[in-house]
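Take a look at the structure set out below.
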Amino acid sequence: MEFCNSTLGSGFILVGILDDSGFPELLCATITTVYFLALTSNGLLLLVITMDARLHVPMYLLLWQLSLMDLLLTSVITPKAVIDFLLKDNTISFGGCALQMFLALTLGTAEDLLLSFMAYDRYVAICHPLNYTILMSQKVCCFMIATSWILASLSALGYSIYTMHYPFCKSRQIRHLFCEIPPLLRLACADTSTYELMVYVMGVTLLFPALAAILTSYSLILLTVLHMPSNEGRKKALVTCSSHLTVVGMWYGGAIVMYVLPNSFHSPKQDNISSVFYTIFTPTLNPLIYSLRNKEVTGALRRVLGKRLSVQSTF
């Protein structure tokens with residue numbers, strides 16, 4: 001087999017779930033609808049938290065960041081996949097592939113870290129309410145947000161550069177929704193076993209400590225909640241935490257399937273379904289889960305929309 005190095009002028013062909021589906025038009029319509037729902041729900045949540053001063057507290061500032069990450073993540077992937085399918089042109093340049101990989105990894109890793117910080121925020125709020133303003137001050141909140149973005153971008157930059165340095169075979173079909181490390185390495189014309197092991201180890205190192213921190217936080221929260229004298233306080237704490245745990249389960253489930261399971265458990269179809277789930281459907285569900293089950297968010301939404309409607313009615 002002939003080999004050739006990837007250059008800035010060469011590209012790949014993305015053969016994703018839309019091309020392999022038995023009903024591609026229906027799936028395309030579904031994904032497009034879900035994407036616009038993600039834009040609407042995340043956009044509304046960003047608007048509400050920005051406009052309502054009562055929500056300018058660490059819990060909702062972290063939630064604002066989560067919605068921003070979800071909105072950007074699905075926008076990095078979904079529009080290109082849908083447009084490529086409609087135009088029957090699945091090509092992506094070498095530079096475009098590298099950029100898409102970098103952005104997806106940055107946003108995905110940042111969300112991993114942010115979810116663990118959000119769990120810590122709920123732990124402090126419920127288990128140490130008297131010290132909340134100290135342990136979760138504005139400075140601490142900003143530090144958490146900055147840490148998520150900086151560590152994620154540095155990690156993604158290293159992964160993207162190293163992945164794209166490999167020589168790739170002339171057959172450039174990536175059987176995946178977007179440029180992601182595991183399916184791209186299958187096209188490499190070199191031994192990638194050591195790097196694949198490193199990706200696996202780093203995936204475990206990044207995902208499981210964050211997941212362990214989340215589970216520890218919520219275990220301590222559960223113990224505290226069970227000893228609460230007030231039924232109303234217990235119910236409110238459980239509703240808030242169950243929303244967060246639902247988001248965590250959806251997000252980490254897809255990420256673990258993609259980056260932690262050994263190669264023997266991977267197949268193009270399974271990887272495509274997993275990627276669609278955590279890059280398109282989960283970003284859509286996150287704001288719906290938080291807003292529909294959170295009275296403060298729904299109340300703020302009514303206040304913000306009420307103000308806008310009253311302003312428009314005066315003109």
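Treat the numbers as computed from the prediction; the structure is a model and nothing was measured. Position 1 is the first residue of the sequence, and the numbers go up from there.
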Exercise for review: Quick one: name the residues clustered hydrophobically with L154, using the 4.5 Å side-chain heavy-atom rule over I, L, V, M, F, W, Y, and just say none if it's on its own.
Suggested key: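 Members besides L154, by chain and number: I150.
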Check your understanding: Taking only residues at least two apart or on different chains, which pairs with a member in residues 134-161 satisfy side chain to side chain donor-acceptor pair (under 3.5 Å)?
Key ->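 Applying side chain to side chain donor-acceptor pair (under 3.5 Å) to every pair that reaches into residues 134-161, excluding sequence neighbours, yields Q65-W149.
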Check your understanding: Do any pairs count as a side chain to side chain donor-acceptor pair (under 3.5 Å) and have a residue in residues 74-89, sequence neighbours left out, and if so which ones?
Key ->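 Those involving residues 74-89 are Y35-S75, T74-T78, K80-D84, D89-T91.
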Can you pull the salt bridge (charged side-chain N to carboxylate O under 4.0 Å, His left out) pairs that have at least one residue in [range], sequence neighbours excluded?
range	value
residues 23-52	D52-R303
residues 92-121	none
residues 63-76	none

Under the rule for side-chain hydrogen bond (donor to acceptor under 3.5 Å, both in side chains), what residues qualify as partners of [X], not counting sequence neighbours?
X	value
H56	none
T192	E196
Y120	none
S193	D191

Check your understanding: Which pairs pass disulfide (SG to SG under 2.5 Å) with one or both residues in residues 60-105, sequence neighbours excluded?
Key ->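 Qualifying pairs, neighbours excluded: C97-C179.
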Check your understanding: ring-ring contact (aromatic ring centres under 6.0 Å, His included) with Y162: which residues, sequence neighbours excluded?
Key ->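 If we apply the ring-ring contact (aromatic ring centres under 6.0 Å, His included) test to Y162, skipping adjacent residues, the hits are H165, Y166, Y195.
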Point to revise | From F168 atom CZ to L187 atom CG, the distance as rounded to the nearest 0.5 Å | key: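 Interatomic distance, F168 CZ to L187 CG, rounded to 0.5 Å: 7.0 Å.
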Check your understanding: Has the side chain of W64 got a donor or acceptor atom that lies under 3.5 Å from a matching backbone atom of I49?
Key ->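 Side chain of W64 to backbone of I49: no pair is present.
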